[in-house]
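Heavy-atom basis, side chains included; hydrogens, waters and symmetry copies ignored. All chains are named by letter (A, B, ...) in the order of the sequence lines, taking the proteins before the strands, and each is independently numbered beginning at 1.
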Amino acid sequence: MIRLHEYQAKRVFLSYGISVPTGYVAFSPDDAWKIALEIGPPVVLKAQIHAGGRGLAGGVKIARTADEAKEIASQILGKRMVTAQTGPEGIVVKRLLVEEAVNIDKEIYFSIVVDRRRCKPAIVASPAGGMEIEEIAKLHPEQIITEPIEPIAGIMPYQIRRLCDFLGFNNNREEATHIFTTLYRIFVEKDCRLVETNPLVLCKDGSLIAIDAKMSIDEDALFRQKDMARLWDITQSDPSELEAQKHKLSFVRLNGNIGCMVNGAGLSMATMDLIKLHGGEPANFLDVGGRATPETIAKGFEIILNDPSVRAILINIFGGIVRCDRVAEGIIKAVRQVKVNVPVVIRLAGTNREEAMDILKKAPFKFSVMDDLNEAAKEVVKLAKGV
Amino acid sequence: MIRLHEYQAKRVFLSYGISVPTGYVAFSPDDAWKIALEIGPPVVLKAQIHAGGRGLAGGVKIARTADEAKEIASQILGKRMVTAQTGPEGIVVKRLLVEEAVNIDKEIYFSIVVDRRRCKPAIVASPAGGMEIEEIAKLHPEQIITEPIEPIAGIMPYQIRRLCDFLGFNNNREEATHIFTTLYRIFVEKDCRLVETNPLVLCKDGSLIAIDAKMSIDEDALFRQKDMARLWDITQSDPSELEAQKHKLSFVRLNGNIGCMVNGAGLSMATMDLIKLHGGEPANFLDVGGRATPETIAKGFEIILNDPSVRAILINIFGGIVRCDRVAEGIIKAVRQVKVNVPVVIRLAGTNREEAMDILKKAPFKFSVMDDLNEAAKEVVKLAKGV
Amino acid sequence: MSVCVDKSTKVVVQGITGREGNFHAFHCKEYGTQIVAGVTPGKEGEEVAGIPVFNTVKKAVEETGADASLIFVPPPFAMDAVLEAIDAGIRTIVCITEGIPIMDMVKIRMVVKAEGVTFIGPNTPGIITADEAKLGIMPGFIFKKGSVGIMSRSGTLLYEVVDQITKSGLGESTALGIGGDPVTGTDFIHWLKLFEEDPQTKAIFIIGEIGGMMEEDAAEFIKSNVKKPVFAFISGRTAPPGKRMGHAGAIIMGGRGSAETKIKALREAGVTVVENITEVGKTVKEKVGKG
Amino acid sequence: MSVCVDKSTKVVVQGITGREGNFHAFHCKEYGTQIVAGVTPGKEGEEVAGIPVFNTVKKAVEETGADASLIFVPPPFAMDAVLEAIDAGIRTIVCITEGIPIMDMVKIRMVVKAEGVTFIGPNTPGIITADEAKLGIMPGFIFKKGSVGIMSRSGTLLYEVVDQITKSGLGESTALGIGGDPVTGTDFIHWLKLFEEDPQTKAIFIIGEIGGMMEEDAAEFIKSNVKKPVFAFISGRTAPPGKRMGHAGAIIMGGRGSAETKIKALREAGVTVVENITEVGKTVKEKVGKG
């Protein structure tokens, strides 16, 4: 999923005719000062990071004057921000959205996602807007409504009636209808995995404004969403995950010390489960996928080795399209380029396993090659513990 | 179905970005002269009537000068035109389309309808354009292609490839794609029952132009197609059929001499079949529908009586929602207003039949009321023959 | 036994506070049908003929356990009503509404097929299992519990046939109109399967008409899948061709869809086709005997 | 007997002239599968591994009688390929393609459900009936004709399980990957029905993972509809929650969809859930005995 920044998503909303507060993106405290002057204080400054929960983390502030806006901007910009959704290392704030303050009467949560179970898009909404949806789910589960959308028909009148009743829209049904159907249009036309506005606010003057905006684009649809692809701010992603992505590897950093390289997401998870079952902690999830070449295998190996917390590595490959001998070639390639200073356990099965074994034997590094996955997992846990 | 005139349909095509010849509608020979001057001769003059086959009937002429255009216009306007599709009485031509003559290289037939069997829209196309589709079907059935469209997906690339291959578009695929998908958009967005262009022509300069344009709008969708509803030229319809429509009766004039009034289309057709089986000829199809009131029954009766060729009338009602006593009331009402000078056979069954019988007995006219439909049909055939 | 609806069917009437909904909800209930709820947005709390009215189908289903819906809402709102019923878990829908835009029906058809919902109509008199449940607008008194399963594309022609079948002494198991519009929720094959499996049904009657290919498709299906005796009447032999069908529409049919091709196909499949509508009862009685 | 595909299945390979299509068409044919045709627009007349190539699926079906399709076309063209296959009358589609936009799959799912087409995938290793037919990219040599029906959301995890089942001596009837994407053409319930009816299948193995509700739904179905012994392995017990699922997406699930809820639901339905992936073969063998 490609996430957009709030200010980018708001631009899309605006282009579809949804009201958002007047505001502009600021890259420096000076920018913030100029924008605050143009809009007229008071203004709201909002850290633009690809993670929710920034309100509690001090990422949303009000400035009463342009000078105050500049002051706040200089405090936030360039700093790491840690929220409930960022992980402990946080994300550096490089952009701020400076926008007009709005007189709020009522806050609504509204989003559209694909409901996997029904295999259709679905609206998730709540009258308890303003807080994170996870929190609403915990505190007021009865205040969440889900409306699956029949894609051939779109949002139907009965659903709008139900939503308006549930969300407490009485005199604003026409405007609410416009916003619901337009957000759905955005969801479909921009190939979104998520469209969210939280809060969607009912203002004191009766109008409806999207105070926050979130959009995530389906990565698989970027071939037909070139405009959206351009909006992707890669500085927001983990550099290792990005590097992996570039080589069509799926990598997620975790908190343990055992590096894992597996082919297939299911087998990767099963391998991590097995490590945990034997008392170990995976340092990462790394799926080399079904189309790995020696080059991508070498790259995956390198990414794992770059993580200083890794104490031992388990490579588990079940050869199908990815032939074991090609994997072995990749490992040899990597070992020739990078210094390997942790023990490596390898388990290979499936296509061309024998050939792979031969290749690994000739390697300039001593791997523990094992046939039995259970034994291999036990071994790597033992090695990581330095026992 | 509400039919549009060619010039109206072309305006819709144009608004969607489909090329059509430059042209304007003329209501008088003077109009034709002015338009011909503006466009620059040679021009084509085309009678605007709601029926195909006008080419053979002399409804399409070329004028080399503006004066000639005026001359031709004065010959066609105000005259009755009889084509293969109008019936022997023909339709009066009240409007002409005067448009530029186009250099034709290749003529294509292209249309979109709902395929009842597959319950989806379908493209029907042929490289043998220019003649009526019935004729192509007769002479070159192998030159017709049908492509059903999945409404959730729209026209797919494989269908466009197939159509282009079949129709012989090689260097114009992009433009053809634009026209196919745009005509489908029109079909869906305007709630059409038919969109047709015949011929769609490939010009000598390589461009594609819709030389003819036909659109029929789904009557049931007029509540959301107000723009299309306004285009309906009621002067093109049979006045009796219009009058019937106004009262929610379904009326079609036929060539026999036995007037029929029945409730339900199926029972109407079955009744006509029965009359024919006994050697009679129905003068009309008149379905009073499921929501008939005494007023509409009276109106239906009146419409039949207005037809001078009617020699006898058969009323066949199976009372369901339409109660027989209400039908009887309607008949009485009609008989009081209009002079009835042909014999009337009535067969009533179903809801409140007894009450209806009582009402009819008190009528100021002697009906032949019969219980047996077969006998009733025989009787009306006998009466119509004056035997 | 019977098909699709019976005494245990619990029905919600959508559009119950309208003139027709009101009228027919009452008559269906009087016939013995379990009409457990009505729906009209904004009228929750009211009652119609002793039937509680709810704002939404979901609420009606939750409160009453309704599993079938009978729809009377006007054409512009019909698709909304249908999708609301499906969303609420209703699996049998009878849509009386006449005049639904054809593209709305194309979409509805797609959804009901994907969801496995039985959708009867639109523009149908409904479905009735004689002496058990009536979901529709047909005059109940002409039906009598018996052995003939009847399906029709036309409403009043269904009544005409039923009347004769009842008077013949055979009576009906279940009878229904699949709907008179070009696009309907079910076709004859759907019901042939069910009637063939239903032990109460001893004979099947198809009432077809010109246009479409449903009768031809039914004939093809009957050949290898139906063992019970099948009868048919096809109306429209004398109707002027193409007057309403349109031209490109007729081309898709490839010259098929006329009364002649239908009758021929049905006869080739072993179906007894009745020529004179007034001889339906006699013909079936002769072939099937006492029900 | 077996499920869905066997020796008589005639397969057309869409995208056969691509690198992967070419490679796997050859290997499927080598396995014994009747690969009768390939399709790549503009390449009609060519041959790939002795398999004739056509421009359209329709032509391929007309010329060769193909009734199943194996799709390798790239994601932007996958929906086109699927709809073309359905239009040509293909009723079993195996879509190997990985990376199809989710809204394309939402639409495809709707069409295949409405048309009654079996759609395996996308992002699947395919389906195999051991020693009969392989429509996919799995290493054929690890399979052996036997009695365990296996379905999986993951490719290599399927291989891992199959390898152990084969080594245990039980072997497989049919094994397949339903696909690793959020929206797939079939779910576990679809295959549970078929395996339950298949006489060759004596035991059923489900390979699930976190996310979605397919395992919970399967458990519910098993309770009242499956009599054969069912086994399961669920991967992702240690995966970080929500990292990929997104937040509103997780809310729809209402706290369900975790490995724990899946394992609990399956156990309550009488399914034997294996905790250690390396003990799959042993566990099934112990419970089912010699196949």
Nearest 0.5 Å please: distance from the OG1 atom of T238(C) over to the CG atom of L254(B). 8.0 Å
NZ (K248(B)) with more than 12 external heavy atoms under 6.0 Å: no
Side chain from CB out, backbone as N, CA, C, O: work out which of these in D191(B) comes under 4.5 Å of a heavy atom of chain C, or both, or neither. side chain
Taking C-beta and beyond as the side chain, do I142(C) and F318(B) meet within less than 4.5 Å on heavy atoms? yes
Would you mind checking which part of M110(C) comes under 4.5 Å of any heavy atom in chain B, side chain (CB onward), backbone (N, CA, C, O), both or neither? side chain
Greatest number of non-hydrogen atom pairs under 4.5 angstrom with chain C, of D220(B), I136(B), L373(B), falls to D220(B)
CE (M272(B)) and OG (S235(C)) are apart, to the nearest 0.5 Å, by 9.5 Å
Would you give the length of the straight line joining atom CD of E160(C) to atom CG of N316(B), rounded to the nearest 0.5 angstrom? 6.5 Å
Looking at N276(C), L158(C), I137(C), which has the largest count of heavy-atom pairs under 4.5 Å with chain B? N276(C)
Give, as side chain, backbone, both or neither, the part of V322(B) having an atom under 4.5 angstrom from any heavy atom of chain C. neither
Let me know if I234(C) has heavy atoms under 4.5 Å from chain B in its side chain, its backbone, both or neither. backbone
What part of R323(B) gets within 4.5 angstrom of chain C, counting heavy atoms only: side chain, backbone, both, or neither? neither
Look at the side chain of N374(B) and the backbone N and O of T278(C), then say whether any donor-acceptor pair between them is shorter than 3.5 Å. no
Taking C-beta and beyond as the side chain, do L274(B) and E275(C) meet within less than 4.5 Å on heavy atoms? no
Select, from T351(B), V188(B), I275(B), the one with the greatest count of heavy-atom pairs under 4.5 Å involving chain C. T351(B)
Would N263(B) and T156(C) count as having a side-chain donor-acceptor pair, cut-off 3.5 Å? no
Sidechain N-carboxylate O distance under 4.0 Å for E216(C), R117(B): no
Can you tell which part of D181(C) gets under 4.5 Å to a heavy atom of chain B, answering side chain, backbone, both or neither? backbone
Under a 4.5 Å heavy-atom cut-off, does chain C meet the side chain of E150(B), its backbone, both or neither? side chain
Closest-packed option against chain B by number of heavy-atom pairs under 4.5 Å, given M105(C), M138(C), E209(C): E209(C)
Within the 4.5 Å heavy-atom criterion, are L267(B) and Y159(C) side-chain neighbours or not? no
SG on C119(B) to CD1 on I102(C), rounded to 0.5 Å: 8.5 Å
If the threshold is 4.0 Å, N to carboxylate O, is there a salt bridge linking D104(C) and R224(B)? yes
Crowding at CG, N255(B) (>12 non-hydrogen neighbours, <6.0 Å): no
Below 4.5 Å, heavy atoms only, C-beta onward: do P182(C) and V114(B) meet side chain to side chain? no
Does any backbone or side-chain atom of H24(C) lie under 4.5 Å from a heavy atom of chain B? Answer side chain, backbone, both or neither. side chain
Heavy-atom cut-off 4.5 Å, strictly under: side chain, backbone, both or neither for R237(C) against chain B? both
Just wondering, do V183(C) and R116(B) contact through their side chains at under 4.5 Å, heavy atoms? no
Polar side-chain atom of D218(B) near backbone of P101(C) as donor-acceptor pair, under 3.5 Å: no
Can you find a pair of side-chain heavy atoms, one from M103(C) and one from P121(B), that are under 4.5 Å apart? yes
